[in-house]
Amino acid sequence: MIEEKLQQAISQGLKELYDIDAEPKSVTLQSTRKDFIGDFTVVVFPWVKQARKAPQQMAEELGKKVHELLPEVVESNAEKGFLNFVIGDSYWQSLLKEVLATDAYGTKNADSSEAPIVIEYSSPNTNKPLHLGHIRNNLLGWSVAQLLKANGNNVRMVNLVNDRGIHIMKSMLAWMRYGNGETPETSGMKGDHLVGKYYVEFDKHYKKEVEDLMAKGYEEEQAKKEAPLIVEAQSMLKRWEEGDKEMRDLWSMMNGWVYKGFDETYKRLGVGFDKIYYESDTYLLGKELVSKGLEMGVLYKKEDGSVWCDLTDAGLDHKLLLRKDGTSVYMTQDLGTALLRHEDFGTERLVYVVGNEQDYHFQVLKIVMQRLGYQWAENIYHLSYGMVELPNGKMKSREGTVVDADDLISEMEAQAKEMCREKGKNCDMDETSLEALYHTIALGALKYFILKVDPTRNMLFNPAESIDFNGNTGPFIQYTYARIKSIVRKGAEANAVAFDETASQVIGPKEKEVLRLIHDMPSTIAQAAAAYSPAQIANYAYSVAKAFNSFYQDTPILKCENDNLRSFRVALCSAVAQVLKNTMNILGIEVPERM
RNA sequence: GUCCCCAUAGUUCAACGGAUAGAACGAAGGUUUCCUAAACCUUUGAUGUAGGUUCGAUUCCUACUGGGGAUACCA
């Protein structure tokens with residue numbers, strides 16, 4: 001890596017010129033801004049005091065020194081306290097050669113002997129189909145897993161399905177009352193949508209009952225508690241917990257419908273899991289941990305029998321861990337499942353992709369696990385992401401303002417088809433490949449749109465604007481990739497001369513810009529992985545595509561007079577294609593060879 | 001009440017404490033004898049307010065304003 005050599009040389013230069021001790025790693029390099037000449041820049045301000053020199057003079061002296069120490073540096077210039085280095089063309093040529101000789105430049109292979117990182121994402125409830133919020137979760141989870149893999153980590157993806165609780169009882173009850181035995185087969189509906197329909201149905205009737213009670217003089221709160229439907233649902237939950245066969249059978253059947261539906265949606269989204277946990281299996285876990293915590297004295301019991309953890313010394317509140325009747329709560333289960341995963345996978349690194357409304361929950365989880373004696377819990381990482389908002393406000397299932405995942409994907413596909421037809425493209429493709437292409441483009445648009453935004457931020461999803469294939473979008477990158485592949489194909493026909501890295505080329509500014517971006521790929525992946533941020537990868541991929549298009553515009557590639565120069569540029573195209581493919585792959589986006 | 005997150009062009013998004021704050025969409029104009037014009041090039045326009053730290057602040061600290069979330073014996 002040229003950066004390391006530069007850091008080393010600068011460190012040595014500082015020592016020799018001014019007797020300043022600076023660790024090579026502590027020397028921060030940045031890319032030189034476009035308006036200045038150079039490839040890398042170092043800011044000398046931090047050392048001017050120690051060196052007792054004016055910034056300009058110091059930068060000049062240090063530049064000269066580094067130039068002497070490092071043959072790759074062919075030139076340096078100083079501008080105020082900014083010292084710019086120009087790296088010689090031979091370095092860039094050897095970089096290009098290296099990229100072409102590597103399958104997945106910039107990515108590392110995972111060491112399978114190492115303990116894996118376990119990443120939980122998706123975690124749906126089984127009473128309704130997936131919506132836009134789940135899409136962000138799923139895409140983030142999948143992408144971060146790919147990102148960590150690309151950074152050389154051993155990764156396992158898990159899903160914790162929330163398949164029990166009052167919500168599914170509501171759907172079951174409504175189905176028993178109003179369903180007339182309707183099934184996915186008889187209704188032609190996807191299973192998750194069918195169950196979701198009865199969840200809505202429940203809510204409708206339940207609201208009516210509450211209103212009726214309030215008309216009879218009940219307080220709202222009391223009416224909500226005593227409406228016959230909710231009372232019935234609660235008694236069903238009790239029967240379910242006692243193992244009542246009728247309840248269990250109905251529950252299994254309806255959950256089965258939902259899983260089939262989810263599988264379809266996951267498949268369309270291109271996500272998957274190594275292991276799926278069901279809450280019905282795990283909801284009793286964690287109680288032993290609580291007993292252990294009581295013995296250790298890190299938890300305490302109130303007079304009514306409920307168990308708590310005092311987190312006031314950590315700036316938090318008291319947190320309930322067991323109800324007074326001895327049953328577990330959400331937190332108890334998560335303590336149990338964390339330990340379960342630690343045992344299942346031998347992992348000490350857990351990542352949870354969960355919305356930011358649960359920031360508090362995961363803060364507590366981490367602390368409590370540590371207090372229970374699991375030091376590895378400090379590695380628990382909550383990948384907290386913001387809400388997806390719609391132009392007219394928040395998504396509310398009751399108000400019908402949710403964007404259904406399946407509908408959205410279909411809509412995107414239809415739009416992709418429309419766009420392709422308008423442009424009159426791909427006349428030479430058969431119907432099957434075309435359908436696959438529409439899907440690829442639609443998902444590319446959707447995934448990129450969501451992943452390019454920093455996970456922590458709330459984002460606005462405008463259904464109309466999202467289906468835009470211009471500008472900073474997935475299809476723009478896909479299209480750039482397809483064009484490059486086309487150029488490379490033509491290049492191969494036009495000349496069979498292999499790229500000769502020993503021949504001297506004049507590398508122009510546009511070529512340099514592209515090469516520089518290619519060079520940055522490994523460090524970009526490392527940074528993005530450290531930040532768990534696919535957004536950095538997305539924006540990087542876009543800048544590569546953008547730089548390529550700009551480079552292509554005024555640099556002849558196929559019509560080069562010089563055979564060797566042409567093969568050099570075609571080779572550069574191949575390298576860009578590889579970078580685009582590998583980065584898009586991290587985002588879970590396919591790149592088509594033709595479109 | 002307490003705690004957490006967010007605030008950047010008209011809009012949607014960028015910017016390890018570094019140089020003149022970048023893109024895209026929108027608006028106005030231009031470009032095709034290399035691939036596939038879903039492209040390229042011009043022009044337009046922004047750091048919520050007030051302080052502080054620093055050679056240097058969109059970035060770090062404090063207060064305020066505005067938005068979101070959490071603070072459930074729900075999950």
Side-chain angles (χ1 to χ4, degrees), chain A residues 28-30 32-36 41-43 45-46 48-49 55 79-82 84 123 125 162 164-167 279 283 302 304-308 315-317 319-325 327-331 333-334 355-361 363 384 386-387 389 391 394 419-420 422-423 425-426 441 449 452-454 456-462 465-466 468-473 475-476 478-480 482-491 494 523 527 530-531 535-536 538-539 542-543 545-546 548-560 566 569-570 573 594-595:
Chain A
T28 48
L29 293 167
Q30 47 192 302
T32 304
R33 287 184 71 106
K34 262 187 192 169
D35 329 311
F36 299 88
T41 297
V42 67
V43 182
F45 283 115
V48 289
K49 260 187 191 167
E79 179 79 28
K80 294 174 198 162
F82 297 87
N84 305 316
S123 317
N125 288 355
N162 183 9
R164 64 165 278 283
I166 194 74
H167 51 85
E279 208 188 283
Y283 79 109
K302 277 192 183 174
D304 65 3
S306 56
V307 179
W308 299 73
L316 304 172
D317 284 330
K319 183 75 191 175
L320 175 88
L321 292 181
L322 274 187
R323 296 192 185 100
K324 63 186 170 205
D325 61 7
T327 56
S328 62
V329 293
Y330 178 37
M331 181 59 72
Q333 299 169 38
D334 254 5
N356 62 8
E357 72 273 11
Q358 292 195 34
D359 284 354
Y360 182 73
H361 173 81
Q363 234 180 317
S384 162
M387 323 201 74
E389 283 156 6
K394 272 197 71 176
M419 299 284 286
C420 290
E422 241 174 59
K423 300 284 173 192
K425 301 259 175 187
N426 16 288
I441 295 173
F449 188 86
K452 77 172 178 191
V453 181
D454 186 296
T456 59
R457 293 172 53 118
N458 285 4
M459 66 174 288
L460 184 80
F461 187 84
N462 186 334
E465 282 174 22
S466 71
D468 190 352
F469 299 144
N470 295 313
N472 186 357
T473 64
F476 170 83
Q478 290 174 319
Y479 181 64
T480 302
R483 279 176 62 219
I484 294 173
K485 291 307 266 192
S486 174
I487 292 165
V488 172
R489 279 193 296 269
K490 289 270 157 71
S523 59
Q527 271 177 35
Q536 292 181 15
N539 287 303
Y542 175 69
S543 57
K546 181 96 176 130
F548 171 81
N549 278 315
S550 180
F551 153 69
Y552 181 79
Q553 194 61 33
D554 46 34
T555 307
I557 291 176
L558 298 179
K559 287 216 168 164
C560 254
R566 177 165 58 238
R569 288 181 178 163
V570 170
C573 287
R594 297 166 195 267
M595 69 186 273

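Naming convention: chains lettered A, B, ... in sequence-line order (proteins, then strands); numbering from 1 in each chain. Quick caveat, the model's predicted, so the values are computed rather than measured.
For rA7(B), the paired base is rU65(B) (Watson-Crick or G-U wobble, both distances below 3.5 Å). In this structure, rA46(B) forms no base pair with any nucleotide, since neither Watson-Crick nor G-U wobble geometry is met with both distances under 3.5 Å. Partner assigned to rC16(B) is none, using Watson-Crick or G-U wobble distances below 3.5 angstrom. The pairing partner recorded for rU71(B) is rG1(B), the criterion being a Watson-Crick or G-U wobble arrangement whose two distances lie under 3.5 angstrom. Checking rC34(B) for Watson-Crick or G-U wobble geometry (two distances, each under 3.5 Å) identifies no partner in any strand. Across all strands shown, rU59(B) has no partner, as no Watson-Crick or G-U wobble contact with both distances under 3.5 Å is found.
By the 6.0 Å and 45° rule, Arg569(A) does not stack over the aromatic ring of Phe551(A). For the pair Lys319(A) and Trp308(A), the NZ or CZ position fails the cation-pi test of under 6.0 Å to the six-membered ring centre and within 45 degrees of the ring normal.
When distances are taken from the side chain of Arg33(A) to each of rU12(B), rA37(B), rA19(B), the shortest belongs to rA19(B). With distances taken from any side-chain atom of Phe36(A) to the nucleotides rU8(B), rC4(B), rA19(B), the minimum falls on rA19(B). Comparing rG68(B), rA14(B), rA38(B) against the side chain of Val453(A) picks out rA14(B) as the nearest. Candidate nucleotides rA70(B), rC16(B), rC34(B) were compared by shortest atom distance to the side chain of Glu357(A), and rA70(B) ranks first. With rU36(B), rC55(B), rC40(B) as the candidates, the nucleotide lying closest to the side chain of Arg489(A) is rU36(B). Of the candidates rC35(B), rC73(B), rU12(B), rC73(B) carries the atom nearest the Ser306(A) side chain, counting heavy atoms from C-beta on. With rA37(B), rC35(B), rU8(B) as the choices, the nucleotide that has an atom nearest any side-chain atom of Tyr479(A) turns out to be rA37(B). Considering only side-chain atoms of Lys546(A), the nucleotide from rC34(B), rA75(B), rA23(B) that sits closest is rA23(B). With distances taken from any side-chain atom of Ala482(A) to the nucleotides rA19(B), rC55(B), rU36(B), the minimum falls on rU36(B).
Gln536(A) has its CD atom 8 Å from the P atom of rC16(B), to the nearest Å. Note: CG (Asn458(A)) to P (rC4(B)) measures 17 Å, nearest angstrom. Atom CD in Gln553(A) sits roughly 10 Å away from atom P in rU33(B) (whole-Å rounding). Atom NZ of Lys319(A) is separated from atom C1' of rA75(B) by 11 Å (rounded to the nearest Å). Between Phe82(A) atom CZ and rA19(B) atom C1' the separation is 4 Å, expressed in whole Å. Computed from coordinates, the Phe449(A) CZ to rA24(B) P distance equals 16 Å when rounded to whole Å. Protein atom CG of Leu29(A) is 13 Å distant from nucleotide atom P of rG18(B), rounded to whole Å. When the P atom of rU42(B) is taken as reference, atom CG of Asp554(A) falls 10 Å away, rounded to whole Å.
Of the N and O atoms on the side chains of Gln358(A) and Tyr330(A), at least one donor lies less than 3.5 Å from an acceptor on the other residue.
Both Asn84(A) and Phe476(A) sit near RNA chain B, but only Asn84(A) has its closest nucleotide nearer the 5' end. Projected onto RNA chain B by closest heavy-atom contact, Asn470(A) and Leu322(A) fall at different nucleotides, the more 5' of which corresponds to Asn470(A).
Rounded to a whole angstrom, the distance from the P atom of rG56(B) to that of rG69(B) is 40 Å. When the C1' atom is used for both rC34(B) and rA39(B), the distance is 14 Å, rounded to whole Å. rA70(B) and rA75(B) are spaced 15 Å apart, taking the C1' atom of each and rounding to whole Å.
Across all strands, Val329(A) comes closer than 4.0 Å only to sugar-phosphate atoms, never to a base (heavy-atom distances).
With Arg566(A) contributing its side chain and Cys560(A) its backbone, the two residues share a donor-acceptor pair below 3.5 Å.
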